[in-house]
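Some notes on the structure that comes next.
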Amino acid sequence: MSTTETIYDRVGGYEGFKQIATDILFFHHQNPVLERRYGSSPKNDEELIKLVTELLCSVSGGPEEYTGMNMHDAHTGMNINHEEFLEVLDDIGLALEKNNVNQADTDRLMAMNYALKPEVLSH
Ligand code: HEM
């Protein structure tokens, strides 16, 4: 077993990231730029939280496998613009802050998410 601590360990593993994913979606629902994009049914929320949790775990040193679509296919045809992308990043930042993720890990997670921009934006 590795003794190197990962972001996944520091954030509190699957449950820690599940709380962060839940908070991201909560902030999206409050965000006037984004709320029209997300359905209001709890079932949709539950599925989306599961997939976002898996994605965050899998890029942070966790053993979970991401079972959703790749970022290009997941957002294809949605015509997502630059402003919406930045609002999503802002909400991710708020959720990390709410969950007391340290600055270095926040910087890494924000950079990893920012790098997805070309896959998520309008196509
Ligand atoms: C770093 C940026 C983003 C990440 C990591 C991300 C992640 C994800 C993931 C993991 C899914 C689920 C994929 C699946 O169904 O298999 C998803 C779906 C979705 N994303 Fe994103 N996303 C990002 C940016 C955005 C932006 C900017 C928007 C638009 C405002 C957006 C809107 C949506 C919508 C509407 C869905 C589908 C929800 C549903 O089916 O009910 N995403 N995203």
Side-chain angles (χ1 to χ4, degrees):
M1 195 179 120
S2 167
T3 53
T4 310
E5 203 188 49
T6 60
I7 300 181
Y8 177 83
D9 299 323
R10 283 189 293 277
V11 162
Y14 187 89
E15 287 307 319
F17 273 124
K18 187 174 176 195
Q19 185 59 54
I20 290 168
T22 303
D23 291 335
I24 292 170
L25 204 56
F26 176 83
F27 288 128
H28 286 355
H29 282 304
Q30 314 293 309
N31 187 326
V33 176
L34 299 176
E35 41 109 21
R36 74 176 183 91
R37 290 287 190 176
Y38 294 90
S40 51
S41 95
K43 177 73 179 72
N44 281 352
D45 277 8
E46 204 181 300
E47 182 62 13
L48 208 49
I49 287 166
K50 173 178 167 278
L51 291 170
V52 171
T53 303
E54 287 175 0
L55 184 63
L56 289 170
C57 289
S58 68
V59 298
S60 302
E64 286 81 7
E65 196 186 323
Y66 173 61
T67 60
M69 286 187 262
N70 69 48
M71 290 298 95
H72 180 279
D73 293 350
H75 301 94
T76 211
M78 286 189 199
N79 215 18
I80 294 172
N81 65 37
H82 184 78
E83 184 192 15
E84 290 175 308
F85 186 79
L86 291 184
E87 290 294 333
V88 163
L89 283 193
D90 269 1
D91 287 349
I92 294 170
L94 287 175
L96 297 177
E97 191 180 342
K98 177 171 179 282
N99 288 275
N100 302 312
V101 176
N102 73 39
Q103 194 59 51
D105 289 343
T106 295
D107 291 349
R108 289 188 198 99
L109 288 164
M110 293 308 287
M112 285 193 268
N113 279 288
Y114 186 77
L116 297 171
K117 187 176 165 195
E119 293 171 57
V120 170
L121 276 210
S122 184
H123 53 262

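Just so you know, ligand 1 is whichever comes first in the structure, and atom 1 is the first atom listed for that ligand. Since this is a predicted model, take the numbers as computed values, not measurements. Atoms considered below: every heavy atom in the structure, side chains included; atoms not considered: hydrogens, waters and symmetry mates.
By the 6.0 Å contact criterion, CZ on Phe26 is open, its count of non-hydrogen atoms from other residues, nucleotides or ligands being 12 or less. In this structure, Gln30 places its CD atom where more than 12 heavy-atom neighbours from other residues, nucleotides or ligands lie under 6.0 Å away.
Taking every heavy atom of Ala74 and a limit of under 4.0 angstrom, the matching atoms of ligand 1 come to 13 (C). Interface of Arg37 with ligand 1, defined as ligand atoms under 4.0 Å from a residue heavy atom, comprises 30 (C), 35 (C). Near Leu51, with a cut-off below 4.0 Å to any heavy atom, the atoms of ligand 1 are 12 (C), 14 (C), 15 (O), 16 (O). Atom numbering of ligand 1 starts at 1 in the shown order; those under 4.0 Å from a heavy atom of Leu34 are 30 (C). When each atom of ligand 1 is checked for a heavy atom of Gly68 under 4.0 Å away, the hits are 16 (O). The distance from ligand 1 to the heavy atoms of Glu84 drops below 4.0 Å at these ligand atoms: 27 (C), 30 (C).
The backbone N or O of Met78 lies less than 3.5 Å from a partner atom in the side chain of Arg37, making a donor-acceptor pair. Listed for the Asp9 side chain is a donor-acceptor partner under 3.5 Å among the backbone atoms of Thr6.
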Donor-acceptor pairs under 3.5 Å, side chain of residues 109-116 to any protein atom, not counting sequence neighbours: which ones?
from: Asn113; atom 1: ND2; to: Leu109; atom 2: O; distance (Å): 2.9

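The closest approach between Glu87 and ligand 1 stays at or above 4.0 Å for every heavy atom of the residue. Judged by the shortest distance from any of its heavy atoms, Tyr66 lies inside the 4.0 Å radius around the atoms of ligand 1. The closest approach between a heavy atom of His28 and any atom of ligand 1 is not below 4.0 Å.
Within the set Leu121, Asn113, Val88, Leu55, the minimum heavy-atom distance to atom 27 (C) of ligand 1 is found for Val88.
With hydrogens left out, the protein atom closest to atom 37 (C) of ligand 1 is Met78 CE, 4.0 Å, a heavy atom. Nearest to atom 2 (C) of ligand 1 among the protein's heavy atoms is Phe85 CE1, 3.7 Å. The shortest contact between atom 24 (C) of ligand 1 and any protein heavy atom is with Val120 CG1, 3.6 Å. Nearest protein heavy-atom neighbour of atom 20 (N) of ligand 1: His75 NE2, 2.9 Å. Nearest protein neighbour of atom 9 (C) of ligand 1, counting heavy atoms only, is Met71 CE, 3.7 Å. Nearest non-hydrogen protein atom to atom 29 (C) of ligand 1 is Ile80 CD1, 3.5 Å. Atom 11 (C) of ligand 1 has its closest protein heavy atom at Leu48 CD1, 3.8 Å. Among all non-hydrogen protein atoms, the one lying nearest atom 32 (C) of ligand 1 is Tyr38 OH, 3.2 Å.
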**Asked** Can Thr106 and Glu97 be said to form a side-chain hydrogen bond (donor to acceptor under 3.5 Å, both in side chains), step by step?
**Response** CA-CA 8 Å; Thr106 295; Glu97 191 180 342; over 6 Å; no
**Request:** Before giving the answer on side-chain hydrogen bond (donor to acceptor under 3.5 Å, both in side chains), spell out for Asp73 and Thr76 the whole-Å C-alpha distance, their side-chain angles and the decisive distance to 0.1 Å.
**Result:** CA-CA 5 Å; Asp73 293 350; Thr76 211; 5.7 Å; no
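Connection of Val59 to Tyr66 is established within a shared hydrophobic cluster, with ILVMFWY side chains joined at heavy-atom distances below 4.5 Å, either directly or through further cluster members.
Within the 4.5 Å cutoff, the side chain of Asp23 has no heavy atoms near those of the Leu94 side chain. The shortest side-chain heavy-atom distance between Leu48 and Asp45 does not fall under the 4.5 Å cut-off. Side-chain contact between Leu121 and Phe85: present, with at least one pair of heavy atoms (C-beta onward) separated by less than 4.5 Å.
Neither the backbone nor the side chain of Glu47 comes within contact range of ligand 1; no heavy atom lies under 4.0 Å.
Residues Arg36 and Glu84 come closest through the heavy atom pair NH2-OE2, 3.6 Å.
For Lys50 and Glu46, the salt-bridge test fails: no basic side-chain N is under 4.0 Å from an acidic carboxylate O.
Checking atom 5 (C) of ligand 1 against the protein gives a heavy-atom contact under 4.0 Å.
Between Met69 and ligand 1, at least one pair of N/O atoms sits closer than 3.5 Å.
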